[in-house]
K.L.:
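The structure that follows is given in the form of structure tokens.
In what follows, residues are counted from 1 in the order of the sequence shown.
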Amino acid sequence: MNHGLHTALRAALPTHALLVEAEALRPYECDGLSAYRQVPLAVCLPETLDQARAVLRICGEHRVPVVARGAGTGLSGGALPIASGVVLSLARFNRILAIDPDNRLARVQPGVRNLAISEAAAPYGLYYAPDPSSQIACSIGGNVAENSGGVHCLKYGLTVHNVLALKVLTMDGELLEMGGCGKPGALDSPGYDLLALLTGSEGLLGIVVEVTVKLLVKPERAQVVLAAFDSVETAGTAVAAIIGTGILPAGLEMMDNLSIRAAEDFVHAGYPVDAAAILLCELDGANAEVSEQIMAAREVLFAAGATEVRTAEDEAQRMKFWAGRKGAFPAVGRISPDYYCMDGTIPRRHLARVLRRIGELSTQYGLRVANVFHAGDGNLHPLILFDANQPGEMKKAEDFGSDILRLCVEVGGTVTGEHGIGVEKLDASCSQFSAEELTQFHAVKAAFDPAGLLNPGKAVPTLHRCAEMGRMHVQGGKLPFPELPRF
């Protein structure tokens with residue numbers, strides 16, 4: 001490390017808050033997408049706002065890239081370090097600053113676990129709605145960076161719909177406050193919607209140091225209906241049928257047979273292991289309302305081709321049904337040496353078509369795939385099973401995943417729903433975004449981070465990269481716009 005940088009960081013941080021030894025750096029070499037690994041120059045673990053601000057200013061002065069990191073549960077390589085850069089961990093920003101039951105909000109630091117917010121709000125009859133499958137471990141700062149969702153996103157929205165205010169440090173250490181800033185009655189602030197812009201920006205524009213989230217009143221009743229189907233296409237069609245009736249489930253999740261069997265062996269959730277696919281449909285609200293909706297949902301599901309429909313008999317069974325769904329990813333990890341988790345979103349009307357095509361691609365590549373996803377909003381999470389120890393299998397899995405993402409774009413969807421672009425989907429993004437859109441993305445980045453030091457090389461591909469791949473229309477071999485500085 002540059003001696004001046006090392007000296008400055010040592011002066012700004014407690015001894016235990018700066019890691020530079022190879023053994024100490026190794027745990028930070030990747031996030032949940034372990035296929036990409038890179039050891040950073042150093043890891044900083046500030047404990048106060050002033051320390052975090054100092055790290056950013058020092059790195060800015062030395063022109064050293066900074067990659068923010070939360071709990072490391074991301075699945076797109078968004079927290080992949082830069083070899084010549086510093087990882088800024090927010091793990092020690094882990095305090096719940098306030099629970100305000102009167103205004104139904106919570107102020108928390110970015111290192112607070114998602115589930116911890118609901119646990120702290122529970123004594124007041126409140127909870128935080130977004131619930132990613134990794135909620136027991138993932139941090140709220142990471143949720144903001146990726147705009148995470150969860151099994152209840154259909155009714156209650158993604159992170160962006162549940163964040164009221166943010167405090168963010170820029171690369172030069174300036175503290176920005178956006179949104180309602182937690183003031184009672186101030187739901188938003190005038191001007192550009194910077195709150196939405198920062199949510200899902202993957203650490204390219206600023207470092208989140210405080211989050212104010214919306215809390216909801218726990219519904220009087222929540223009940224799950226489990227429907228089994230003899231084909232994934234029929235289950236996909238049933239999703240559209242449910243939504244088409246006007247019923248708005250709190251959650252509407254789908255799993256195919258491979259994921260059903262894996263989850264049942266792992267969690268013992270009581271799933272019908274012979275079903276080709278199941279839907280988990282949760283209804284919540286007032287007691288009488290839920291009773292009516294449960295009956296209506298059962299009728300729709302049977303009419304749509306369900307071979308069996310079960311209603312959770314009590315809260316314990318409801319939680320067991322959800323435990324199987326939320327444990328699907330680690331469950332699949334028990335039946336395959338490796339798996340590659342994709343994340344694309346499609347219009348619901350194309351679910352059956354896309355699932356059928358994924359099955360064809362599975363045969364074409366000779367790799368099994370377990371489908372488990374947020375069916376209600378069309379957010380797919382195909383898990384491609386492979387063995388990295390077998391020559392060529394990892395490349396096949398990556399190619400298979402790329403075909404799935406291209407398919408999502410072809411039917412009018414997107415290459416990500418909640419996992420972000422990171423480094424994983426840079427090439428796939430070239431298929432979705434035009435040169436004009438990418439140019440605007442780069443302009444926004446330059447406005448917030450002119451030197452391009454925050455999480456460089458992530459989330460937004462350069463125009464040259466897309467042109468070289470042949471996935472963007474160019475004339476005479478020239479780009480349609482002059483390219484902004486790379487980041």
Side-chain angles (χ1 to χ4, degrees), residues 32 47 69-74 89-167 179-180 182 184 199 208-224 250-251 253 266-267 269 280 282-285 312 314-330 374 418:
E47 300 169 352
R69 180 185 174 94
T73 60
S89 171
L90 281 306
R92 291 175 178 165
F93 278 63
N94 56 7
R95 290 190 301 124
I96 295 177
L97 302 173
I99 299 291
D100 183 348
D102 293 332
N103 292 292
R104 296 181 186 173
L105 57 84
R107 284 195 309 113
V108 302
Q109 291 184 316
V112 171
R113 292 179 303 111
N114 176 288
L115 185 59
I117 300 176
S118 289
E119 290 172 342
Y124 305 98
L126 304 172
Y127 75 109
Y128 178 62
D131 56 344
S133 295
S134 59
Q135 68 174 153
I136 193 172
C138 66
S139 64
I140 191 64
N143 292 171
V144 171
E146 307 295 344
N147 192 22
S148 303
V151 299
H152 290 96
C153 60
L154 176 60
K155 183 174 183 179
Y156 296 108
L158 304 170
T159 300
V160 70
H161 304 111
N162 291 273
V163 170
L164 299 175
L166 292 174
K167 290 184 180 180
T199 305
V208 175
V209 292
E210 187 178 307
V211 187
T212 300
V213 300
K214 176 170 60 178
L215 300 177
L216 301 180
V217 176
K218 288 184 178 179
E220 180 181 358
R221 175 181 168 193
Q223 197 161 9
V224 175
E253 300 288 302
F266 182 44
V267 176
L280 293 175
E282 178 163 291
L283 290 311
D284 68 1
D314 52 30
E315 180 66 7
Q317 189 174 33
R318 181 181 83 90
M319 296 304 293
K320 204 69 173 175
F321 282 168
W322 281 124
R325 164 59 185 90
K326 291 192 173 187
F329 284 18
H374 309 310
E418 58 176 340

K.L.:
Between His374 and Val151, is there a side-chain heavy-atom distance shorter than 4.5 Å?
P.N.:
yes
K.L.:
Considering all heavy atoms of both residues, which atom of Pro110 and which atom of Val209 are nearest to each other, and what is their separation?
P.N.:
CD-O, 3.1 Å
K.L.:
Identify the two heavy atoms, one from Pro219 and one from Gly285, that lie closest to each other, and give their separation to 0.1 Å.
P.N.:
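Heavy-atom minimum between the residues: CB-N, 3.7 Å.
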K.L.:
For the atom pair CG (Leu126) and CG (Leu105), what is the distance rounded to the nearest 0.5 Å?
P.N.:
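These two atoms lie 10.0 Å from each other.
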K.L.:
Can you measure from CD (Gln317) to CD (Glu315) and round to the nearest 0.5 angstrom?
P.N.:
11.0 Å
K.L.:
Can you list every ring pair (Phe, Tyr, Trp, His ring centres under 6.0 Å) pair that touches residues 122-159, not counting sequence neighbours?
P.N.:
His152-Trp322
K.L.:
Verify, without hydrogens or angle tests, whether Asn114 (side chain) and Asp131 (backbone) share a donor-acceptor contact under 3.5 angstrom.
P.N.:
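No.
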K.L.:
Does a side-chain heavy-atom distance below 4.5 Å link Leu158 with Thr199?
P.N.:
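Answer no - side chains too far apart.
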K.L.:
Is any side-chain heavy atom of Lys326 less than 4.5 Å from a side-chain heavy atom of Gln135?
P.N.:
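Yes, side chains in contact.
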K.L.:
Dump the intermediate steps for side-chain contact (heavy atoms from CB on, under 4.5 Å) on Gln223 and Leu283, then the final yes or no.
P.N.:
CA-CA 6 Å; Gln223 197 161 9; Leu283 290 311; 5.8 Å; no
K.L.:
Can you name the closest pair of heavy atoms from Thr73 and Cys138 and give their distance?
P.N.:
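What the structure gives for the nearest pair is OG1-CB, 3.4 Å.
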K.L.:
Search all heavy atoms of Leu216 against all heavy atoms of Ala129 and return the closest pair with its distance.
P.N.:
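Closest approach of Leu216 to Ala129, heavy atoms only: CD1-CB, 3.8 Å.
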K.L.:
List the steps, then state whether side-chain contact (heavy atoms from CB on, under 4.5 Å) holds for Lys218 with Asp284.
P.N.:
CA-CA 9 Å; Lys218 288 184 178 179; Asp284 68 1; over 6 Å; no
K.L.:
Kindly say whether Asn94 contributes a backbone atom to a donor-acceptor pair with the side chain of Gln109 at under 3.5 angstrom?
P.N.:
yes
K.L.:
Got a donor-acceptor contact below 3.5 angstrom from the Asn147 side chain to the Asn143 backbone?
P.N.:
no
K.L.:
For Lys214 and His161, indicate whether the former's side chain and the latter's backbone hold a donor-acceptor pair under 3.5 Å.
P.N.:
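The answer is yes, because a donor-acceptor pair under 3.5 Å joins these two groups.
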K.L.:
Could you go step by step and tell me if Val163 and Ile140 meet the side-chain contact (heavy atoms from CB on, under 4.5 Å) rule?
P.N.:
CA-CA 10 Å; Val163 170; Ile140 191 64; 5.8 Å; no
K.L.:
Please determine whether the number of non-hydrogen atoms from other residues, nucleotides or ligands lying under 6.0 Å from atom CZ of Arg318 exceeds 12.
P.N.:
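Enclosed.
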K.L.:
Has the side chain of Asp314 got a donor or acceptor atom that lies under 3.5 Å from a matching backbone atom of Ala316?
P.N.:
yes
K.L.:
Main chain of Leu280, side chain of Glu253: is a donor-acceptor contact present, judged purely on distance under 3.5 Å?
P.N.:
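Here the side-chain-to-backbone pair does not exist.
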K.L.:
Which heavy atom in Ile96 sits nearest to a heavy atom in Ala120, and how many Å separate them?
P.N.:
CD1-CB, 3.5 Å
K.L.:
Rounded to the nearest 0.5 Å, how far does CG of Leu97 lie from OG1 of Thr212?
P.N.:
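Nearest 0.5 Å value for the OG1-CG distance: 8.5 Å.
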K.L.:
Given side-chain contact (heavy atoms from CB on, under 4.5 Å), test Arg113 with Ile136 step by step and report yes or no.
P.N.:
CA-CA 7 Å; Arg113 292 179 303 111; Ile136 193 172; 4.2 Å; yes
K.L.:
How many angstroms lie between atom CG of Leu90 and atom CZ of Arg69, to the nearest 0.5 angstrom?
P.N.:
11.5 Å
K.L.:
Excluding sequence neighbours, so at least two apart, what forms salt bridge (charged side-chain N to carboxylate O under 4.0 Å, His left out) with Arg92?
P.N.:
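Result, salt bridge (charged side-chain N to carboxylate O under 4.0 Å, His left out) vs Arg92: Glu47.
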K.L.:
Side chain of Thr159, backbone of Ser148: donor and acceptor closer than 3.5 Å?
P.N.:
yes
K.L.:
Between Pro130 and Gly157, what is the shortest heavy-atom contact and its length?
P.N.:
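Minimum heavy-atom contact is CG-O, 4.3 Å.
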